Structure formats: C-alpha cells, structure tokens
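Side chains are part of it too, since the values below use all heavy atoms of this structure and drop only hydrogens, waters and symmetry mates. For clarity, every value in this text was computed on a predicted model and none was experimentally measured.
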Amino acid sequence: MVDSALLVEFNNMALMQSWRWYGPNDIVSLSDIEQSGAYGIVHALHHVPVGEVWTVEEIQKRQRIIEWNEETQQPRNLKWAVVESLNVHEAIKKGLPERDQLIEDYKTSLQNLAKCGIKIVCYNFMPVLDWTRTDLTFTYKDGSKALRYDAIALAAFDIHILEREDAKADYTEDRQIEASSYFNCITDEEKALLTKNILQGVPGSGDVFTIEDYKKQLAEYDHISEEILRENLSYFLRSVVPTAEELGMKLCCHPDDPPTAIFGLPRIVSTETDLLALTQTIDSPANGITYCTGSLGPLPENDLPGIIERLGHKIHFVHLRNVQREGNGSFHEADHLNGSVDMYAVMKALVLESQRRKSEGRDDFEIPFRPDHGHQMLDDLNKKVTFHGYSAIGRLRGLAELRGLELGITHNINS
Ligand code: DNO
C-alpha cells in the first residue's frame, strides 16, 4: 500500500527538479526529460548570438516546443522555468563604450522574457571562457567518463602551448617544473586534445577558439584588473537590476568555474566574499546568485552549507554536482553524492531555506535545482557526445539520488 503521508511529502518537495535542455539538437529529448521526472526546463536561445535581443516570437516558439507535445497533441509536463544563460556580452565585461546599448538590449530581452512568464535568469561574469576543463573523458574508477581539471596540465598549456607572455609569473617554481615535465611527456595528439578541451567556447555554441583568437581575447583583458571587472559588473547590475525588479524577475550570477584565476584573467565570483559583494552592489530580490556546488567546491575554504545559511535568501537557482579535490589544485567531477562536497549538508540547508521562505509566505520557495553534469555511463558511452557533462543516464542517476536525498531529509525534518 502507498504511504499517503509520504506521497503528500513528495508533492511538497522543496526544490523544483529541473534539467538543462540545449534545444532540438540535444540528443536528450524532451520526452526523455519527462521520463526523468524533472519538470522544470533550463534553457537558452543558443542560436541567438550573444548581445542580440531575444524577441517575444523566438521565446514563445521555444516555449511551445518545450511545453507542447506535437506528436501526442497534449501538453507536456514541462515548463521553461529558468534561462541559462542570458549571456553578458564581452564588451560589457570589458566596459567598452558600446556597453550602454548592449545593456539596453539586455533589458529588452528581460522584458520579453517577462512577457512570456519566464522570470529566473542565470548569467555569469567570467571573462572570455565559460567553465574550463583539461580532460572531458576522464575514466572514472567504475569505467564511466567524467570531466577533470588538471591544474598541472593547465599550467603546461599556458606556458608551453599558449606561450602566454609572463605566464610563468603566475605559477610557483615547483608548478613550473611539474608543467614542463608534463609537457615533455605528452604526445602531439595529446597536446592537440588538451588545447581543444581548454578552448571550448560558450556552452551550447559548439565553437572552439583557436590559439590565435584566444590570445587576442586575452590581450584585451591586459589592463583589466579585478577592481575594474568588479566595477564593470556593478555598472551592469546598477542598470539591469532595477528593470528586473520592476518586472518581478530574478537575476542570478553563476560562480566562476574553476574558482581561481586562470590565464591571468581576473575572476570576481569565486568565493563567499565575492558573492556577498555582488549581492550588496544593489540589495534587491532581483540581484541574486546561482548556487553551484561544482563551481564553488574546488576551493576547500568555500563553506558550502554555510553559504546557504548566510546567503540563502539570495539564491534563485541551484546546480548540484560533486567534485573530488585532488589536493594540488586539480579536481574531477565525482558522483553526485560522493566527493569533497557534503551533499547531505548542502541539501539539508536548501530544504531549510525553502521551508523558511514558505513559512514567510514567499512564493519563491520552490527553488529550481538541476543535476549539473553527470558521468557518461551505461548507454551514454555508446552515444556521440553533443554537450560534455550533459549525458542522459549520468544526469538521471544524479537527479534520482538528489531527489531521494531531498525526500529523506524533508521526511526527517517534518517527522
Ligand atoms: C556548466 C554550467 C555553466 C553555466 C554558465 C552560467 O556546465 O554550469 O556553463 O551554465 O556559466 O552562465
């Protein structure tokens, strides 16, 4: 017999189970997602170049694809709940004169999204590249494939392949020696693969930078210190947050991944202090954060459950993924419940945050979370990878584990 108390609880789960869908060319289809049990779709108009306005027509076209099953002529049990990401143009990050028009266009996209009822918008403020990994097919101990960041390989790439001017100054002598011996031991094919892995562009674009392009992009940040980048972020927020607030929207900045400076680029959203500074730029419900355990997790000093306890009211969107820190700045993506991140403590803090919102009568207690990345496992290993980290079965495993964890914690707190 079904335990009705448990069923009620299941329906009252605190978090919205969501799933990132890249669009019609994603090998994980909307029907697959429905079967995973997720009901919030995390999506972006990846075909619209960064900086261009998202029109109501384009948004609605996508919304209809997501929410209506043409084959069965029935509504799907899916809703486009979160935009990830409405990317911020590089000119805004660099503070160039054209930023004002680009910011106006960003606000128009927000207005258009609000007209379509989509209110949560994720973005990041990482210069040039989005997340960076050195190995996209690291064989995990059980034979599945995971993403890995090898800090020595990154230094080897920086010093010996990219040959960035003054790169050595960013590394200790020991790291320089490790990087040289790493570089001397890998084959030309391995060097090419390392280059390709690191230079993947914005997720969903499928673009890979060339070394020349990348050098050019890096050079444009030569004079941009952390302070200047912070000022450029504040400038952006001072302009877009009031609009977002008026529209009842929630902007949420995604942390840097990895949360350390790479290639001499400034990084300003890596720690709790950074998150606090960001939210204090303008104290508004529209100025929040995307809480990502995988991005904040590589830094042992980031107290992950503590961040939720202290900044939970600013969290509008959650990415749950584990990392195993390897002790020398390197890490790999572990199973969702295993690794350096105490996922139990994180989930408990999230459930309590959601319950707190509910008790205050807030309508944003159903915080959307997604299993961020998953291993390539079982039949995933036989499929062509379109978006690294975004496998069907690996993420399904993650979602199932996280959902169970949430149910157990909720049951425990309520009993
Ligand atoms: C990695 C993701 C990031 C994230 C963006 C948000 O898989 O978490 O690519 O989508 O940085 O803007």
Flag for Ser29-Asp32: side-chain donor and acceptor within less than 3.5 Å: yes
Kindly determine whether Val323 and Thr293 satisfy side-chain contact (heavy atoms from CB on, under 4.5 Å), including the steps that lead there. CA-CA 8 Å; Val323 288; Thr293 51; over 6 Å; no
Could you tell me the separation between the NE2 atom of His332 and the CD atom of Glu326, rounded to the nearest 0.5 Å? 5.5 Å
Does a donor on one side chain sit under 3.5 Å from an acceptor on the other, for Glu57 and Gln60? no
With sequence neighbours left out, write down each residue that passes ring-ring contact (aromatic ring centres under 6.0 Å, His included) with Trp80, or none if nothing qualifies. His43
How long is the gap from CD1 on Ile27 to CG on Asp380, to the nearest 0.5 Å? 7.5 Å
For a quick check under 3.5 Å, do Gln217 and Asp213 share a side-chain donor-acceptor pair by atom type? no
Distance (rounded to the nearest 0.5 Å) between Asn287 CG and Arg238 CZ: 11.5 Å
In Å, rounded to the nearest 0.5 Å, how long is the span from NZ of Lys348 to OG1 of Thr410? 11.0 Å
Under a 3.5 Å threshold, yes or no: a donor from one side chain and an acceptor from the other, between Asp150 and Thr134? no
Between Tyr106 and Tyr123 (judged by ring centroids, cut-off 6.0 Å), do the two rings come close enough to count as a pair? no
Not counting sequence neighbours, list each pair that qualifies as a side-chain hydrogen bond (donor to acceptor under 3.5 Å, both in side chains) and has a residue in residues 297-310. Glu272-Arg310, Asp303-Arg310
Nearest 0.5 angstrom please: Ile282 CD1 to Leu251 CG, how far? 10.0 Å
Within the side chain of Arg267, is there an N or O that forms a donor-acceptor pair under 3.5 Å with the backbone of Pro258? yes
Would you please say whether a donor-acceptor pair under 3.5 Å links the side chains of His254 and His319? yes
Without hydrogens or angle criteria, can the side chains of Asn322 and Asn338 be said to hold a donor-acceptor pair below 3.5 Å? no
Can you find a side-chain donor-acceptor pair between Glu333 and His373 that sits under 3.5 Å? yes
Which of Glu90, Lys94, Lys93 passes side-chain hydrogen bond (donor to acceptor under 3.5 Å, both in side chains) with Tyr221? It is Glu90
Any residue meeting side-chain contact (heavy atoms from CB on, under 4.5 Å) with Thr195, in chain and number order, not counting sequence neighbours: Phe157, Ile161, Leu199, Ile211
Does the Lys NZ or Arg CZ of Arg148 fall within the cation-pi geometry relative to Phe138 - under 6.0 Å from the ring centre and within 45° of the axis? yes
Return yes if some donor-acceptor pair links the side-chain N/O of Thr290 with the main-chain N/O of Val318 below 3.5 Å, else return no. no
Quick check: Tyr22 with Tyr390 (ring centres under 6.0 Å apart)? yes
Are Ser391 and Gln376 close enough that a side-chain donor and a side-chain acceptor fall under 3.5 Å? no
If I take atom CG from residue Leu136 and atom CD from residue Gln200, how far apart are they, to the nearest 0.5 angstrom? 5.5 Å
Can you see whether Asn197 engages Tyr149 through a side-chain donor-acceptor pair at a distance of less than 3.5 angstrom? no
Do His388 and Trp131 have ring centroids that are under 6.0 Å from one another? no
